[in-house]
Amino acid sequence: MADRPVPPQVPYRFERTHAAAEVVARWGGIEAGTETGETVAVAGRVGLSRPQGRVGFAELRDWTGSVQLFALDGTTADFAGFSKLRLGDWIGARGEVMKTRRGELSVRVSEWVLLAEARRGFGDKWRGVTNPEIRYRHREVDLWANPQARRVAQLRVLLLRRLRERLWERGFDEVETPMLHAIPGGALARPFVTHHNALDIDLYLRIAPELYLKRLVVGGLERVFEVGRVFRNEGISHQHNPEFTLLELYQAYADYRDLMVLVEELVSGLALDLLGTTEIVVDGGRIDLAPPWRRATMTELITESAGIKVDVHSPLEDLRRHLRAVGAPEPPAEWGAGKLLLELYEKTTERELSGPVFVTDWPVEVSPLARRHRDDPDLVERFEPVIAGREIGNAFSELVDPDEQRARFVDQARQRAAGDEEAMILDEDYLWALEQGLPPTAGLGLGVDRLVMLLAGVDNIREVIAFPTLRPGRDELT
RNA sequence: GCGCCUCUAGCUCAACGGUAGAGCAACGGACUCUUAAUCCGCAGGUUGGGGGUUCGAAUCCCCCGGGGCGCACCA
């Protein structure tokens with residue numbers, strides 16, 4: 001760290017007239033060695049700087065891109081100071097747009113001002129920062145030093161914007177529901193616990209917004225969605241962060257088939273918005289997201305990928321035998337055909353599915369909020385969209401019958417008593433709401449982080465979350 | 001949670017039982033169209049922390065901490 005004096009006066013604002021990308025877009029085509037007579041003011045961080053005696057060059061980088069600054073002793077104010085700018089310093093600069101003899105579009109700086117200094121280094125100017133610990137703990141460094149990190153962040157920003165726009169276009173209203181739940185519900189997961197002092201009660205960070213969103217549908221909001229964080233107290237992996245962003249939406253008068261159409265249009269549309277193509281590359285393989293996606297039942301897919309002919313009506317012992325044959329650990333004795341079938345699917349099939357495919361018709365035992373299948377009472381009308389072996393969401397025709405919902409909750413309570421900590425807890429307020437009448441409704445959850453991962457072509461969820469959950473570090477990295 | 005790997009200058013990496021180094025950054029200087037500019041000079045470290053083995057430890061062993069990967073759990 002240098003003993004450079006703190007700038008005596010950093011201005012409170014800077015009047016920027018053009019982003020770097022705007023300068024490039026407007027004047028990028030001019031001839032080498034020409035001047036435009038147009039003055040602009042740009043601002044950003046100094047990238048590579050090449051002071052060279054009585055002339056100097058520096059890359060000015062902002063969120064949109066970069067443009068070269070060209071300084072000359074005699075015409076650039078405080079030329080000596082300009083020559084001493086360091087990698088990462090923020091400056092604002094005013095000058096004429098021109099192109100150097102070598103053909104580099106530049107702003108010939110007449111005046112400039114230091115907006116903030118970078119007292120700390122920003123890593124190797126060529127290789128950036130690759131140490132994952134620094135990249136995740138100090139994302140601000142990563143974002144500046146590594147173009148890939150910037151690209152992913154920009155992709156995520158754009159995805160969230162276009163996602164909302166596409167839902168608004170379809171008549172969905174964005175709403176907000178509580179994050180602090182007295183009863184954690186809407187998903188099978190273990191919650192984080194917290195405490196409210198004034199009420200002196202434990203509260204849970206939500207594991208899903210589902211039950212509240214459906215209560216809004218009961219209240220008459222026919223198409224709602226929420227994009228927000230949910231929290232699940234489970235292990236961390238390259239596919240899992242304890243807090244992650246979920247899109248949930250509910251559409252009255254629709255069933256799960258309608259949502260399949262919605263999902264394939266939404267996801268392929270977002271791919272077009274962000275990438276200009278529906279084709280993505282995952283693990284070196286190409287996957288086309290253009291509709292229509294294949295629809296196949298869970299049992300069909302198990303048979304297809306593992307050669308095992310079973311379904312939810314198969315004898316328990318058959319299902320257990322197949323699980324043993326694929327090397328799965330012995331499941332608990334109380335598991336029914338539904339859980340066993342799902343286990344078999346996850347062990348043998350899910351990972352093999354390149355997709356995109358809608359895996360449909362799930363066992364009722366593992367779907368306590370979904371409506372029974374119109375053709376088979378042991379199944380529900382549910383699907384998960386799978387791309388590259390990864391579930392990116394979950395959707396179903398919603399269970400609307402309060403009596404049956406109560407029975408499902410009671411069944412969950414039984415599983416919970418048997419030791420399943422992820423089983424749901426009976427929620428009287430939710431049942432009360434159902435008794436007011438939930439119209440036929442279809443609901444969807446989409447993992448936003450996983451969607452960003454697919455479209456950005458990264459295989460670690462930490463790459464798409466600006467500040468992923470880490471153990472608190474010691475002070476040596478500060 | 002369990003297993004394996006990893007931690008050396010601000011960053012990226014060498015040195016793998018025998019005097020801790022390089023490139024970049026930083027700092028001082030030269031240079032009037034550069035593109036990872038070039039050139040000269042200078043400085044930079046309890047080798048993640050602690051303990052042990054050894055004449056001698058960045059290097060071998062043990063404990064602790066951070067991180068990565070795999071498994072398990074889930075979206």
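Values below: all heavy atoms of this structure, side chains included; hydrogens, waters and symmetry mates excluded. So you know, we letter chains A, B, ... as the sequences are listed, proteins then strands, and number each from 1.
Atom-to-atom distance recorded for A:Thr245:OG1 and A:Arg450:CZ is 12.5 Å, nearest 0.5 angstrom.
A search for salt bridge (Lys or Arg N to Asp or Glu O under 4.0 Å) contacts involving A:Glu59 returns A:Arg61, not counting sequence neighbours. Residues passing the salt bridge (Lys or Arg N to Asp or Glu O under 4.0 Å) test with A:Arg382, sequence neighbours excluded: A:Glu384. Residues that satisfy the side chain to side chain contact (heavy atoms under 4.5 Å, CB included) test with A:Arg351, not counting sequence neighbours, are absent from this structure. Every salt bridge (Lys or Arg N to Asp or Glu O under 4.0 Å) that A:Arg295 has, sequence neighbours left out, goes to A:Glu264. Partners of A:Asp427 by salt bridge (Lys or Arg N to Asp or Glu O under 4.0 Å), not counting sequence neighbours: none found.
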N/O contacts under 3.5 Å, protein versus nucleotides 67-72 of chain B?
from	atom 1	to	atom 2	distance (Å)
B:G67	OP1	A:Arg137	NH2	3.3
B:G67	OP1	A:Arg471	N	2.8
B:G67	OP1	A:Arg471	O	3.4
B:G67	O4'	A:Glu133	OE1	3.2
B:G68	OP1	A:Arg462	NH1	2.4
B:G68	OP2	A:Arg462	NH1	3.4
B:C69	OP1	A:Asn460	ND2	2.7

Tabulated below should be each protein N or O lying under 3.5 Å from an N or O of nucleotides 37-41 of chain B; please produce it.
from	atom 1	to	atom 2	distance (Å)
B:A37	OP1	A:Lys125	NZ	3.0
B:A37	OP2	A:Arg50	NH1	2.8
B:A37	N6	A:Pro51	O	3.4

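Identified under the ring-ring contact (aromatic ring centres under 6.0 Å, His included) test for residues 31-54 of chain A, with sequence neighbours left out: none. The ring-ring contact (aromatic ring centres under 6.0 Å, His included) pairs that include a residue from residues 83-102 of chain A number zero, where partners must be two or more places apart or lie in different chains.
At a non-hydrogen distance threshold of 4.0 Å, A:Phe57, A:Gln68, A:Phe70 from residues 56-70 of chain A come into contact with RNA chain B.
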I'd like a table of donor-acceptor pairs (distance under 3.5 Å, sequence neighbours excluded) in which one partner is a side-chain atom from residues 333-342 of chain A, with atom names and distances.
from	atom 1	to	atom 2	distance (Å)
A:Lys339	NZ	A:Gln415	OE1	2.9
A:Lys339	NZ	A:Asp420	OD2	3.0

Could you write out RNA chain B as a dot-bracket string, with dots for unpaired bases, | for bases paired across to another strand, and Watson-Crick or G-U pairs counted at under 3.5 Å?
(((((((..((((....[..))))..((((.......))))......(((((..]....))))))))))))....

